[in-house]
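Naming: A, B, ... by sequence-line order, numbering from 1 per chain.
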Amino acid sequence: MQDILQGLNEQQYEAATHINGPLMIIAGAGSGKTKVLTTRIAYLMSQGVDAFNILALTFTNKAAAEMKERIEKMLGNNEARNLYIGTFHSVFARILRGEAHRLGYPNSFTIYDSEDSKSVIKSVVKDLELDEKHYKPSTVLGRISQAKNSLIGPLQYAEDYYIQQEDMRANRPAIAKIYDSYAKRCFKNGAMDFDDLLVKMYELMNTFPEVLHKFQHKFKYVLIDEYQDTNAVQYQITKLLAAAHENICVVGDDAQSIYSFRGATIENILQFQRDYDDVKVVKLEQNYRSTKSILNVANAVINNNKGQIPKSLWTENDEGEKIYLVRTMTDNDEGKFVASTIQEQKLRNHFSNSDFSILYRTNAQSRAFEENLRRSGIPYKIYGGLSFYQRKEIKDFIAYLRVIGNVRDEEALKRIINYPIRGIGKTTMEKLQTIANESNITLWEVLERAAEFGARGATSEAISKFVTMMRYFQSLLKDKNAFEVANEVGKHTGLVKELFSDKTAEGLARYENVQELLNAIKEWVDQQETLTQIDEDGILIDNVSTEETKNAQSLGVYLQQITLLTDADKDDGKGDMVKLMTIHAAKGLEFPVVFVGGLEESIFPSGMSINTREELEEERRLFYVAVTRAKKKLWISYANTRYRFGNLVQNDPSRFLEEMPKELIDRKNAGSNTTSFGLNNSNGFGFKNNSAIEAERRYGAPPSLKQRATSLPSQPPAVQKIIGHQPDNNFQPSDTSNLKEGDQVEHLKFGFGTVTKMEGAIHNRIATVLFKTNGEKKIMLNYAKLRIL
DNA sequence: GACTGGTGAGTTTTT
DNA sequence: CTCACCAGTC
């Protein structure tokens, strides 16, 4: 026990050992939060608390895995594997797997990912005969998700005056109706979406006192990481769970709240002290991670936000180097700069690849980095983005498994019914679908009784063949494990064979992916075998009943966990690789060397989040998170121009750059020695008249046309030619809400042109215009900088 | 019912 | 640029 608590500072010690009663830890970035949490758990166990009585909830699988691993190391045994540590979603899914029947769901319910959800919404919108252009699945799902996270059901949604006003204003009054149908459809399909995992867990606890009682007493100690990111449902559930013992410990940092788009509210952390009596509050303010320079930059930036919980983060670490600010001509150059800097740093400072991390605001930005790392032969791994399980060929294969596990899963069924092509086409499906909806039976049932509903000839035959095959697979469930079933599916459906005969590069990759899926399932099954050999007292059992093992290895269990899996979880930690991820994904992690890319207006801060102070402050917190990931060295970069939808776009340098204290910034690679970042100063940052010359000096002469096709287009993009337009000092953007094609306009930076194309007014917030300057170049622009002539 | 080529629309952030 | 969707053809 002495060992466990060793090396904690006074506050950390207090936080780790105050195990009875409510505790709130306000933990600054890099203050050893994970260390405290893991120590706390290890300490609990050393005090005789059973691992089965401890529940720790995190926001990412990665954070959970890390905690588990650290605890295991601390305790020196594998008792930690019996802890309930996981994301809200995965822990609740696990619980619901045993209890869902109470809510009318099959215990083998399917979990819908966002793609499935959108697909359901799409068909609901179609059935309700609404305008599919106007009721876009992503928009509608966003509204529904928001409602669910605030515990607002379909009925309440329809009756809520404020919500209805909002929907009316957006001219989408039918969302309430869609929400209702969507919920019913999911229920009929025996499926829960991501939000349902939380909502249904709440319903379960709230409706069945005996269930609540059971879990209140099972989880005598509750810990919640990143409490500032909890939303209303999560808040309510944890409140219920902790009500009996009040041994609840929450850890958070209001400065790192970056999930409000998911319904997270800082209120929860502010409310905590009012929810329980005698809340112990511990502040962790000493940073052990970063250099003084890095921390000071972070502090200076976050100070621009109003209303943070007062806290002063300090460090005893070295001053460190200044923060490097880098400007490049294009997004590709940004990638190139990062790749070469990594090479250089490795040689100079003996860093290994895994010491580096590249962070960005949007997943789309990863490509430029990826390409250049590959070109430089630097091994890298991208976290997030499309997970392995979201790839088309994998989802197709899994769709078979899903239907086998749950025939009510209509989304999966629709996916596979004619894949591989077996002659059950669109028209047939539409007919069957209508029958299913009208007679309120499942699509599967309609298929089973297809002949009875009027299927004839070849179609009827194809359907009954399909049904017979699926029934055969289902018959395997009884005594075959997930891998054996999957293997059979691969063989009998011809899926593997079809991919194998596709000799194109993509076909080969798809084939390999499916192979990898089968391997993964095999691995999982084997792993389950060892897991089930430990009983509830944590003692290894020699003779596990085959029944139990089989159960744990079943297809249903497998399916439920993979939907919640992200790519990061496949990471075995092995392999020396540079890590690429969004800033959101990087929360809670730290790296010796960090590159943050794309510090440009409309990217970071995102163009979607610049309209209210709240949105902007969240972007700023995100920047704060990015900066505080770095231990030793930090590069921040932005590009003058980048490609977006195949078009060249120009963005101003991010406003956040201005907020960093100048004396802590090394700007020798920022291209300009002006002291101002002045966004409107055409002589200032990034838009100098001589930037083409400057670029040539740094990157060499532009490559010939032929070369350009194969090598980096590091030549300054054509847009440069027209840069340098000197607007009238009184340039006032016009009200461009009526802007139309053919209008003559003046742009703040580019000068005069004609509007050739209007693009979307997406979300009514930021819109871009494609226009021709001097009859020559196409550029996409922001409305706000245009004057109609 | 299956296949093809043209067209338009889309990119925050995560489970 | 890339993907989903549509109309038109076999």
Exercise for review: Give A:T427 one of three labels, base, sugar-phosphate or nothing, depending on what nucleic acid heavy atoms sit under 4.0 Å from its own.
Suggested key: sugar-phosphate
Exercise for review: Please tell me which of A:R367 and A:E132 maps to the more 5' nucleotide of DNA chain C, matching each residue to the nucleotide holding its nearest heavy atom.
Suggested key: A:R367
Exercise for review: Could you tell me whether A:N363 contacts a base, only the sugar-phosphate backbone, or nothing, with contacts defined as non-hydrogen atoms closer than 4.0 Å?
Suggested key: sugar-phosphate
Study note, to complete from the structure: In whole angstroms, the gap separating P of B:dA2 from CE of A:M429 amounts to 12 Å
Point to revise | Nearest-neighbour nucleotide for the A:K136 side chain, B:dT14, B:dG10, B:dT11 considered | key: B:dG10
Exercise for review: Verify the stacking flag for A:F88 against B:dT15: centroid separation must be under 5.5 angstrom and the ring planes must differ by under 30 degrees.
Suggested key: no
**Study point:** Any donor-acceptor N or O pair under 3.5 Å, side chains A:Q234, A:Q236
**Key:** no
Study note, to complete from the structure: note: A:E619, atom CD; B:dT12, atom P; distance rounded to Å ~ 11 Å
Study note, to complete from the structure: The nucleotide from B:dT12, B:dT15, B:dT14 with an atom nearest the side chain of A:H89 is B:dT15
Review point. Whole-Å distance between B:dG8 C1' and A:N647 CG?
Key: 14 Å
Study note, to complete from the structure: From OH of A:Y360 across to C1' of B:dT11 the rounded distance in Å is 14 Å
Check your understanding: Can you check whether A:D193's main-chain N or O pairs, donor with acceptor, with A:D196's side chain at less than 3.5 Å?
Key -> yes
Review point. Can you find a side chain N or O atom of A:T60 that sits less than 4.0 Å from OP1 or OP2 on B:dT15?
Key: no
Review point. Looking for any heavy atom pair under 4.0 Å, which part of the strands does A:I421 touch: base, sugar-phosphate only, or nothing?
Key: sugar-phosphate
Point to revise | Presence of A:K426 side-chain N/O under 4.0 Å of C:dA7 phosphate oxygens OP1/OP2 | key: no
Review point. With a 4.0 Å cut-off on heavy atoms, is A:K392 in touch with a base, just the backbone sugar-phosphate, or nothing at all?
Key: sugar-phosphate
Check your understanding: Side-chain N or O of A:N231 less than 4.0 angstrom from OP1 or OP2 on B:dT15?
Key -> no
Revision key, fill the gap. Of B:dT11, B:dT14, B:dG10, the nucleotide closest to the side chain of A:T582 is B:dT14
Practice item. Report the distance from atom CD1 of A:I603 to atom P of B:dT13, rounded to the nearest whole Å. Key: 12 Å
Review point. Is the side chain of A:N418 donor-acceptor paired with the backbone N or O of A:G423 at a distance under 3.5 Å, no angle test?
Key: yes
Check your understanding: Using the benzene-type ring in the case of Trp, are the ring centres of A:F59 and A:H89 under 6.0 Å apart?
Key -> no
Check your understanding: Pick the nucleotide of DNA chain B nearest each of A:T563 and A:G423; which residue has the one closer to the 5' end?
Key -> A:G423
Check your understanding: Within 45° of the six-membered ring axis of A:F369 and under 6.0 Å from that ring's centre, is NZ or CZ of A:K336 located there?
Key -> no
Point to revise | A:K133 side chain near B:dA9 phosphate (N/O to OP1/OP2, under 4.0 Å) | key: no
Check your understanding: Taking for each residue the nucleotide of DNA chain B with the nearest heavy atom, is it A:T459 or A:R361 whose nucleotide lies nearer the 5' end?
Key -> A:T459
Exercise for review: Would you please confirm or rule out a distance under 4.0 Å between OP1 or OP2 of B:dG1 and any side-chain N or O of A:T428?
Suggested key: yes
Point to revise | Heavy-atom donor-acceptor pair, A:T493 side chain to A:L495 backbone, under 3.5 Å | key: yes
Exercise for review: Check the distance between B:dT12's C1' and A:F656's CZ and give it to me in whole angstrom.
Suggested key: 13 Å
Review point. Please give, in whole Å, the distance from C:dC1 C1' to A:R644 CZ?
Key: 13 Å
Study note, to complete from the structure: From CD1 of A:I111 across to P of B:dT15 the rounded distance in Å is 14 Å
Review point. Judged by modelled atom types alone, do A:S123 and A:R185 share a side-chain donor-acceptor pair under 3.5 Å?
Key: yes
Practice item. Please determine, for the side chain of A:F645, which listed nucleotide (B:dT12, B:dT15, B:dG10) has the closest atom? Key: B:dG10
Review point. Quick one: is A:N418 getting a side-chain N or O under 4.0 Å of the B:dA2 phosphate, OP1 or OP2?
Key: yes
Practice item. Pick base, sugar-phosphate or nothing for A:F604, based on heavy-atom distances below 4.0 Å to the nucleic acid. Key: nothing
